[in-house]
Amino acid sequence: MELFAIYLFLINALGFLIMSIDKHRARKNLWRIPEATLMGFAAAGGSVGAVGHIVISRQVTCLNDQVGGLNLAAGVGIGAVHNHGGNGL
């Protein structure tokens, strides 16, 4: 279970980092990280980090379907933790 908690911490940190890199590249008008990659990190368990970045960076231009997709991924992640046991998290 401890290994699973470490995994969730790392994947959420990566989710936050990849969203930060994408936002930085967007501001510089550079090549962006594909949305499928961003959603992939969210689906792998990094949705809390991704949504956290949106909240912290105040991305008001973020489309509702993107936030909805991240919320869906968060729900799947929470369900996975619950079904995995969820003890100690």
Side-chain angles (χ1 to χ4, degrees):
M1 191 58 176
E2 196 172 300
L3 185 61
F4 188 64
I6 292 169
Y7 168 78
L8 283 177
F9 174 78
L10 291 176
I11 197 71
N12 278 291
L14 285 172
F16 186 91
L17 181 65
I18 199 166
M19 291 289 282
S20 298
I21 291 169
D22 184 59
K23 181 69 173 180
H24 173 76
R25 295 181 68 80
R27 287 181 178 156
K28 298 287 184 179
N29 207 19
L30 299 172
W31 178 81
R32 305 274 308 268
I33 297 172
E35 188 175 338
T37 301
L38 299 173
M39 291 297 174
F41 270 92
S47 57
V48 173
V51 171
H53 178 270
I54 290 172
V55 170
I56 288 172
S57 68
R58 297 179 184 169
Q59 285 182 312
V60 294
T61 60
C62 192
L63 299 174
N64 286 336
D65 60 340
Q66 290 174 330
V67 174
L70 291 173
N71 288 335
L72 177 62
V76 170
I78 290 168
V81 169
H82 184 272
N83 288 336
H84 191 276
N87 297 330
L89 286 178

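Any value given below was found using the heavy atoms of this structure, including those in side chains, with hydrogens, waters and symmetry copies removed.
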Only residue of Ile18, Asn12, Leu17 satisfying side chain to side chain contact (heavy atoms under 4.5 Å, CB included) with Phe41 is Ile18
Backbone N or O of Arg32 within a donor-acceptor pair of the Arg25 side chain at under 3.5 Å?
-> no
Rounded to the nearest 0.5 Å, how far does CZ of Phe9 lie from CG of Leu14?
-> 9.5 Å
Where is the tightest heavy-atom contact between Asp22 and Ile33, given as atom of each residue plus distance?
-> OD1-N, 3.0 Å
